[in-house]
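Protein chains get the first letters and strands the later ones, always in sequence-line order, with residue 1 at the start of each. Any value given below was found using the heavy atoms of this structure, including those in side chains, with hydrogens, waters and symmetry copies removed.
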2 protein chains.
Amino acid sequence: MPKRSTVKKKRRSKAEQRAESLEQILDAAEYLFSRHGLHGVTLRDVAHRVGIHTTLLHYYFDDKRNLFEAVFARRAGETSRLRMAAMHQYELDSAGRPTVEGALHAFLDTDLDLYMRGGEPWMNYGAFCARVSNTTEGAALMDAYFDPVVLKLVNLLKQALPDYSDADIFWGYHFVTGALMTTLGRSGRIDRLSGGVCRSNDFAAVKKRIAKFMAAGFLALKER
Amino acid sequence: MPKRSTVKKKRRSKAEQRAESLEQILDAAEYLFSRHGLHGVTLRDVAHRVGIHTTLLHYYFDDKRNLFEAVFARRAGETSRLRMAAMHQYELDSAGRPTVEGALHAFLDTDLDLYMRGGEPWMNYGAFCARVSNTTEGAALMDAYFDPVVLKLVNLLKQALPDYSDADIFWGYHFVTGALMTTLGRSGRIDRLSGGVCRSNDFAAVKKRIAKFMAAGFLALKER
DNA sequence: ATTATCTATAGATCTATAGATAATGC
DNA sequence: ATTATCTATAGATCTATAGATAATGC
């Protein structure tokens, strides 16, 4: 049984070694945390999945909570940045007259594209975030990393709906994020419920519908 | 320090004692599981909250998983029955011509009313279900208890939208349940995001908007 | 000489069971 | 005589730390 580093005999620099180990650990932790949550995963589980000893996790990440946050932080910047850029671009393109649907396309489709393009690691990260988002503990992480991008969306929505109350805007966003998080969670329930007509992994099907669906919802709040 | 049974000196029958203990245990477990999930709660936590020894949990519920399922099962019947009845009544009232919004009012408002009426225990149960619903493990429980009531809603939606594909119906439902579960979860995020304009506990505010919002979303799927 | 990884182990919990005690039931 | 509750404890597992070993760095 060869050690994992002897498979490729190529001599690795320490920086490379470090980076590779960090990434393998984060990938394994991301996968496991996304399915079982912080408390449903032991450091042994993570170490075993990587093929290392649990002490190495402490060497790189100090403790479990810190590893959890590192998983969250690793990709948060990229999704945030891409959505921010997409909304900024849309704001320019719409020349001061953004629509609800346009804003939602920039916010939602950009994110769904990222998960589809990113393959399994990004899909796992999406499920991880979905899990974090509906817990009280995890909420602080969401606040810290995603408030700016959400508030940017809210700002566009307010421009598109100048006569709306803040309450209508924020509750509408609340429904949007609920739909998005349930999508990212991919629990498999919609697959069974629909008898296979829908598949949890089919983000393309969601992307085809979600922005239009939610935009109509916002517009309907006026007539109340 | 008096024992908890000596506070009220009234002589209790064993059946009463049993029922009371069962309920206290389930309440405590429901509260804790709703906040921290299956693995985030120890039997010691539950026992400590009730003021009993952890062995009594095993006496009544055998093991931890069984206690978890008992929490889920205790109230599942009532929410299911009430929504089923409301949708059945609506089906009769609408005389074969149900609307999307009518069906969603029966499904969503009935449930939100139950949580508002039921006070803290029911609110905790809602958060518990929200947590269960977006996990892979918990999905089997959702299937087992809530498939009939969801399929009843789907049936009404199909009547209201006879030219819609199954995929559109089920993806629409997926968005609806996402918004509902995020509401039940009450993570507190919308409170902070909105600067206090919205409050996670304000189910009345959600009820005022959600059915109308989602109904418009469904109708918008046609023009694609 | 420094950094990555492993061995050994402490100390704390956690779930679960066996068996004792205290209360109600008839 | 039966049921509710507690005491004592086994056995497993978990996080974390100290210190040893093996690799790269210069």
Side-chain angles (χ1 to χ4, degrees), chain A residues 1-29 31-33 35-71 137, chain B residues 1-29 31-33 35-71 137:
Chain A
M1 191 172 171
K3 291 203 178 170
R4 81 191 164 109
S5 57
T6 56
V7 178
K8 284 190 176 179
K9 225 17 197 304
K10 188 162 177 236
R11 187 186 166 106
R12 294 181 308 172
S13 79
K14 290 203 168 176
E16 283 171 345
Q17 233 176 115
R18 179 186 188 84
E20 201 173 304
S21 289
L22 282 171
E23 206 180 3
Q24 286 186 343
I25 291 168
L26 287 169
D27 284 347
Y31 172 86
L32 291 168
F33 284 142
R35 274 151 185 81
H36 310 113
L38 173 61
H39 301 293
V41 176
T42 69
L43 292 175
R44 279 184 81 192
D45 294 335
V46 178
H48 181 256
R49 195 174 162 83
V50 182
I52 57 173
H53 282 250
T54 101
T55 45
L56 201 58
L57 302 176
H58 288 107
Y59 175 69
Y60 280 120
F61 295 99
D62 270 29
D63 62 16
K64 190 181 179 182
R65 179 136 240 134
N66 202 51
L67 171 59
F68 189 82
E69 290 197 23
V71 169
E137 315 134 339
Chain B
M1 193 174 169
K3 292 203 175 165
R4 82 192 164 109
S5 58
T6 57
V7 178
K8 285 190 178 178
K9 227 3 188 322
K10 187 158 176 241
R11 187 185 164 107
R12 294 182 307 173
S13 79
K14 289 201 167 174
E16 284 170 346
Q17 237 179 108
R18 180 186 187 85
E20 202 173 302
S21 289
L22 282 171
E23 206 179 4
Q24 286 186 344
I25 291 168
L26 287 169
D27 284 347
Y31 172 86
L32 291 168
F33 284 142
R35 274 152 185 79
H36 311 112
L38 173 61
H39 301 293
V41 176
T42 68
L43 292 174
R44 279 184 81 191
D45 294 336
V46 178
H48 181 255
R49 194 173 162 84
V50 182
I52 57 174
H53 280 249
T54 100
T55 45
L56 201 58
L57 302 175
H58 287 105
Y59 175 69
Y60 281 121
F61 294 99
D62 271 30
D63 62 16
K64 189 182 180 182
R65 180 137 238 134
N66 203 51
L67 170 60
F68 189 81
E69 291 198 23
V71 169
E137 315 133 337

Just how far is it from atom [atom1] of [X] to atom [atom2] of [Y], taken to the nearest 0.5 Å?
X	Y	atom1	atom2	result
A:K64	A:L67	NZ	CG	9.5 Å
B:D27	B:L22	CG	CG	11.0 Å
A:E69	A:R65	CD	CZ	7.0 Å
A:I25	A:I52	CD1	CD1	4.0 Å
B:T55	B:L57	OG1	CG	7.5 Å

How close or far is atom [atom2] of [N] from atom [atom1] of [X], stated in whole angstroms?
X	N	atom1	atom2	answer
B:D45	C:dT13	CG	C1'	11 Å
A:H48	C:dC6	NE2	C1'	16 Å
A:I52	D:dT21	CD1	P	21 Å
B:L57	D:dC6	CG	P	10 Å
B:L56	D:dA4	CG	P	9 Å
A:Q17	C:dC6	CD	C1'	13 Å

By ring pair (Phe, Tyr, Trp, His ring centres under 6.0 Å), which residues pair with B:F61, not counting sequence neighbours? none
What residues, two or more places apart in sequence or in another chain, satisfy ring pair (Phe, Tyr, Trp, His ring centres under 6.0 Å) together with A:Y31?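 Result, ring pair (Phe, Tyr, Trp, His ring centres under 6.0 Å) vs A:Y31: none returned.
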How far apart are the closest heavy atoms of B:H58 and B:D63, and which atoms are they? CD2-CA, 4.2 Å
Are any protein N/O atoms closer than 3.5 Å to N/O atoms in nucleotides 1-3 of chain D? If there are, list each pair with its distance.
{"residue": "D:dT2", "atom": "O2", "partner": "B:K14", "partner atom": "NZ", "Å": "2.8"}
{"residue": "D:dT3", "atom": "O4'", "partner": "B:K14", "partner atom": "NZ", "Å": "3.3"}
{"residue": "D:dT3", "atom": "O2", "partner": "B:K14", "partner atom": "NZ", "Å": "3.0"}

Could you tabulate the donor-acceptor pairs under 3.5 Å formed by side-chain atoms of residues 39-48 of chain A, not counting sequence neighbours?
{"residue": "A:T42", "atom": "OG1", "partner": "A:R44", "partner atom": "N", "Å": "3.4"}
{"residue": "A:T42", "atom": "OG1", "partner": "A:D45", "partner atom": "N", "Å": "3.0"}
{"residue": "A:T42", "atom": "OG1", "partner": "A:D45", "partner atom": "OD1", "Å": "3.3"}
{"residue": "A:T42", "atom": "OG1", "partner": "A:D45", "partner atom": "OD2", "Å": "3.1"}
{"residue": "A:D45", "atom": "OD2", "partner": "A:T42", "partner atom": "N", "Å": "3.0"}

Polar pairs (N or O, both sides) under 3.5 Å between protein and nucleotides 15-18 of chain C?
{"residue": "C:dT15", "atom": "OP1", "partner": "B:K64", "partner atom": "NZ", "Å": "3.1"}
{"residue": "C:dT15", "atom": "OP2", "partner": "B:L43", "partner atom": "N", "Å": "2.9"}
{"residue": "C:dA16", "atom": "OP2", "partner": "B:H58", "partner atom": "NE2", "Å": "3.3"}
{"residue": "C:dA16", "atom": "OP2", "partner": "B:K64", "partner atom": "N", "Å": "3.3"}

Reading DNA chain D 5' to 3', how would its secondary structure be written in dot-bracket notation, given Watson-Crick and G-U pairs with both distances under 3.5 Å, brackets [ ] for crossing pairs and | for partners on other strands? ||||||||||||||||||||||||..
